[in-house]
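Quick note: residue numbers are just sequence positions, from 1. In this text the structure is predicted, and so the values were computed from the model without any measurement. Whatever order the structure lists ligands and atoms in, that order sets their numbers, starting from 1.
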Amino acid sequence: MRIGVLASQGAFAEHIAILQCLEVEALPVRLPRELVGLDGLIIPGGESTSISKLMLDYRLANEIRNLSRNGLPMFGTCAGMILIANKISDSDVESLGVMDITVRRNAFGRQRESFETELSIPVLGEKPFPGIFIRAPLIEETSSRVEIIARLADGTSVAARQGRLLVSAFHPELTNDLRFHQYFLDIVTGHR
Ligand code: GLN
């Protein structure tokens, strides 16, 4: 299995390290030709404005949209979730627009800009998952095709799946819990 990690900007090295722990071939993607032959693509956290601009400059955006339409599994964390969304309610960042979610950037006020909390994510089993939120977005709206897989205690939606698309507002790549990435790999192989 070959999983690409968009490496234009942001926390791509951490995703590559987790995939290596799971014994998967992980390839950084900076150019359109590096998208060829991938079984899945991860869009990392970072700064969605910069990643969006770099995807346009390097002619990656349309290529990724086409691959996604043809069924390429994708997993976006934090800024990656923003870039996968169909709509960003409070920003004119150009997203890829491949998943039926509306997100709000920097959705947690100053005091809670970054925080850590244990999340209940039933699809990963009973053990709570460490949620690391860094200037995180939230999911405001979805279509009925989207399944919310994690919420904060107050009900805020922070992770979701739509078929082969997976997003989280938090950063599983900054933990040593491999279950979220394993869940994505199970989607890629069709076991979920
Ligand atoms: N706040 C960033 C943005 O809007 C996302 C932060 C992150 O990826 N950790 O792009």
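Contacts between R135 and ligand 1, counted as non-hydrogen atom pairs separated by less than 4.0 Å, involve both the backbone and the side chain. Proximity of T77 to ligand 1, defined as any heavy-atom pair under 4.0 Å, is not found for any part of the residue.
Here the heavy atom of the protein found nearest to atom 4 (O) of ligand 1 is R105 NE, 2.6 Å. Atom 7 (C) of ligand 1 has C78 SG, 2.8 Å as its closest protein atom, hydrogens excluded (heavy atom only). G46 O, 3.3 Å is the protein heavy atom nearest to atom 5 (C) of ligand 1.
Atom CZ of residue R69 and atom CG of residue N66 lie 5.5 Å apart, to the nearest 0.5 angstrom.
Between H171 and F133, the ring center distance fails the sub-6.0 Å criterion. The ring of F180 has its center closer than 6.0 angstrom to the ring center of F75.
Counting the atoms of ligand 1 from 1 in the order shown, those under 4.0 Å from a heavy atom of G45 are 8 (O). Within ligand 1, counting atoms from 1 as listed, the ones closer than 4.0 Å to a heavy atom of I82 are 3 (C), 4 (O), 10 (O). Close contacts between ligand 1 and S48 involve ligand atoms 3 (C), 4 (O), 10 (O) [criterion: under 4.0 Å to a heavy atom].
A donor-acceptor contact under 3.5 angstrom links the side chains of S157 and R151, judged on distance only. There is a side-chain donor-acceptor pair under 3.5 Å between S89 and E140.
Here the closest heavy-atom approach between residue L96 and residue A61 is recorded as CD2-O, 3.7 Å. Residue I3 comes nearest to D39 through the heavy atom pair CD1-C, 4.4 Å, listed as atom of the first residue, atom of the second, then distance.
At least one N or O atom of N106, backbone or side chain, sits closer than 3.5 Å to an N or O atom of ligand 1.
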